[in-house]
Amino acid sequence: MPEPILDDISHRRFNPLRGSYVLVSPHRTKRPWQGQQESSNKIELPAYDESCYLCPGNKRAQGDVNPTYDSTFVFVNDYAAVREEQAEYEPPKQDGSLASRLLRAEATTGKCYVITFSPRHNLTLADMPAHDILPVINTWTKIYTAHLDPHSPLANSAKPTTLPPASMNGHPVPSPTQQYRYMQIFENKGSAMGCSNPHPHGQVWATTSLPEEPGIELVKLREYRREQGGCNLLEDYAKLESEKGERTVFENSSFWAGCPWWATWPFEIMVVAKKHKRALVDFNDQEREDLAETIAEVTRRYDNLFETSFPYSMGIHQAPLSGTAEEIEASHFHLHFYPPLLRSATVRKFLVGYEMMAEPQRDITPEQAATRLRDCGGPLYRTR
């Protein structure tokens with residue numbers, strides 16, 4: 001167990017995935033709150049909304065019509081953040097000038113997808129049993145595999161696949177026109193996280209560049225592997241946390257889920273594969289079922305905590321689509337859940353002031369958060 005004194009004093013915790021620290025201030029939970037409060041999400045949505053551009057059979061913003069799908073549904077984002085084709089940009093030559101050293105830019109191209117989790121407008125992952133989440137995981141795997149570099153060591157693990165069908169007049173989503181470096185799979189749930197449509201869905205962005213967050217983690221994973229003679233940082237961490245238990249929220253034979261020692265967000269959860277799994281393509285059928293169970297347990301506990309549709313941003317970090325053998329082997333599959341709620345369904349955490357200018361800071365300890373989330377198991381509160 002952590003030293004009891006850490007429940008009462010300010011202290012910093014080290015994040016080995018980033019090489020950074022977070023300030024923990026547990027005594028601040030006693031302060032009164034007179035700041036902004038969010039509206040509690042008690043709105044009951046219909047199973048189908050004729051005005052929703054993600055519901056089956058409806059027209060989307062650009063005019064394409066969704067098929068009458070009955071499971072997951074994938075299409076190229078109508079308002080993609082990165083595109084496959086754009087004007088060419090050649091960075092100025094590095095001539096030693098101040099401008100060339102300080103004003104740098106590089107072109108990035110890519111492809112963005114939207115994945116609906118269910119045809120039901122009112123079903124979030126928290127509402128879905130594990131067997132209904134499994135098609136979502138299978139869809140993630142298919143999209144990742146379809147974009148995987150054929151020369152990657154992962155290609156030997158990946159089963160041949162094509163992208164799932166989409167709504168483009170009955171034709172499949174076009175295959176990528178170039179090899180991308182990285183694929184970020186994520187979900188923004190709730191208006192508090194900037195979600196523009198309540199129909200439960202996630203996104204997939206494939207880019208020619210390696211984004212900063214997974215890039216920083218990959219550096220640290222590689223360093224740990226070299227320093228520890230081939231051991232994997234997150235495999236070791238999942239084993240350690242499973243043995244200790246105080247930050248564990250849920251675990252099964254394949255995954256550990258809990259509030260990491262270095263968590264920034266109040267009820268942050270990380271899901272880590274217990275064995276060294278580089279990416280989605282490394283999982284067998286049982287492991288995919290265990291991942292579905294873990295996601296169901298985490299999201300249901302979130303909703304039960306404050307009896308609201310709990311907002312969060314969730315993202316998968318795994319091996320790059322294209323990379324060196326060292327990068328691929330150092331990678332370890334894990335998910336981050338970053339939820340903003342702090343004290344209740346209406347009081348959220350803001351990363352401002354000290355967090356923006358100095359370093360991240362949290363009030364309740366990860367151990368306190370994990371205890372509360374462990375106690376939120378059982379049926380979803382809406383079904384009681």
Side-chain angles (χ1 to χ4, degrees), residues 41 43-49 52-58 66-75 113-145 159 161 163-167 185-190 195 197-204 249-255 257 269 271 273 280-281 283-305 307-316 333 335 337 339 373 376-384:
N41 191 348
I43 300 173
E44 292 188 9
L45 298 173
Y48 168 77
D49 183 347
C52 171
Y53 59 83
L54 296 181
C55 278
N58 287 2
N66 298 332
T68 54
Y69 62 94
D70 58 7
S71 183
T72 59
F73 166 55
V74 180
F75 62 92
Y113 301 93
V114 175
I115 305 175
T116 61
F117 299 151
S118 166
R120 292 276 299 273
H121 185 73
N122 57 354
L123 285 188
T124 67
L125 293 175
D127 296 288
M128 298 164 64
H131 62 79
D132 286 342
I133 296 176
L134 189 57
V136 178
I137 295 170
N138 290 337
T139 300
W140 290 339
T141 306
K142 288 179 180 179
I143 295 179
Y144 180 89
T145 307
K159 297 178 181 178
T161 185
L163 289 173
S167 63
I185 299 171
F186 65 97
E187 178 199 5
N188 294 324
K189 181 189 176 190
C195 185
N197 188 308
H199 191 121
H201 68 283
Q203 297 186 56
V204 177
V249 173
F250 173 81
E251 64 180 317
N252 54 30
S253 61
S254 303
F255 295 93
I269 284 180
V271 175
L280 284 160
V281 296
F283 295 128
N284 59 34
D285 291 343
Q286 182 58 57
E287 289 163 339
R288 281 190 287 271
E289 291 178 10
D290 286 349
L291 178 56
E293 179 189 34
T294 305
I295 292 172
E297 289 285 344
V298 167
T299 54
R300 189 168 67 250
R301 279 174 165 80
Y302 273 159
D303 278 22
N304 285 347
L305 181 62
E307 296 195 349
T308 190
S309 186
F310 203 87
Y312 59 75
S313 280
M314 177 274 288
I316 295 175
F333 181 93
L335 291 82
F337 283 85
L373 287 166
C376 289
L380 186 65
Y381 78 94
R382 290 187 287 274
T383 65
R384 296 170 190 163

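Small disclaimer: the values here were computed from a predicted structure and weren't measured.
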How long is the gap from [atom1] on [X] to [atom2] on [Y], to the nearest 0.5 Å?
X	Y	atom1	atom2	answer
Leu134	Ser71	CG	OG	9.5 Å
Phe117	Ile133	CZ	CD1	9.0 Å
His121	Cys52	NE2	SG	5.0 Å
Asp132	Thr72	CG	OG1	11.0 Å
Glu307	Leu380	CD	CG	9.5 Å
Leu54	Asn66	CG	CG	7.0 Å

With the side chain counted from C-beta on, respond yes when [X] and [Y] share a heavy-atom pair under 4.5 Å apart, and no when they do not.
X	Y	answer
Val114	Phe75	yes
Phe250	Ile269	no
Asn252	Thr294	yes
Pro200	Leu125	no
Val74	Thr139	yes
Ile316	Tyr144	no

| Which residues share a salt bridge (charged side-chain N to carboxylate O under 4.0 Å, His left out) with Glu251, sequence neighbours left out |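 For Glu251, the residues satisfying salt bridge (charged side-chain N to carboxylate O under 4.0 Å, His left out) (neighbours in sequence not counted) are Lys274.
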| query | Can you name the salt bridge (charged side-chain N to carboxylate O under 4.0 Å, His left out) partners of Asp70, sequence neighbours left out? | reply |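 Here no residue qualifies.
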Listed partners of [X] passing ring-ring contact (aromatic ring centres under 6.0 Å, His included), at least two apart:
X	answer
Phe283	Phe255, Phe333
His201	none
Phe186	Trp205

Check for a donor-acceptor pair, side chain of [X] on one end and backbone N or O of [Y] on the other, with a separation under 3.5 Å.
X	Y	value
His199	Ser118	yes
Ser254	Glu287	no
Asn58	Asp49	yes

| field | Nearest heavy atoms of Arg288 and Asn138, plus distance in Å | value | CD-OD1, 3.4 Å
| field | Minimum-distance pair of heavy atoms, taken over all atoms of Ala130 and Ala292 | value | O-CB, 3.4 Å
| field | Candidate pair Lys189 and Ser309, rule side chain to side chain contact (heavy atoms under 4.5 Å, CB included), full reasoning | value | CA-CA 9 Å; Lys189 181 189 176 190; Ser309 186; 3.3 Å; yes
| query | Which of these, Arg382, Arg120, Arg300, sits in a side chain to side chain donor-acceptor pair (under 3.5 Å) with Asp127? | reply | Arg382
| Candidates Val298, Leu291, Ile185 - the one meeting side-chain contact (heavy atoms from CB on, under 4.5 Å) with Leu335 | Leu291
| Residues which pass side-chain contact (heavy atoms from CB on, under 4.5 Å) with Pro311, listed by chain and number, not counting sequence neighbours |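 Only Ala192, Met193, Pro340, Leu341 meet the side-chain contact (heavy atoms from CB on, under 4.5 Å) criterion with Pro311.
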| Can we call the ring centroids of Phe310 and Tyr312 under 6.0 Å apart? |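 Phe310 vs Tyr312: aromatic centres not under 6.0 Å.
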| task | For the residue pair Tyr302 and Phe337, categorise the inter-ring angle as parallel (less than 30°), tilted (30 to 60°) or perpendicular (more than 60°). | result | perpendicular
| query | Between Asn304 and Arg301, is a side chain to side chain contact (heavy atoms under 4.5 Å, CB included) present by the stated rule, with each step listed? | reply | CA-CA 5 Å; Asn304 285 347; Arg301 279 174 165 80; 5.5 Å; no
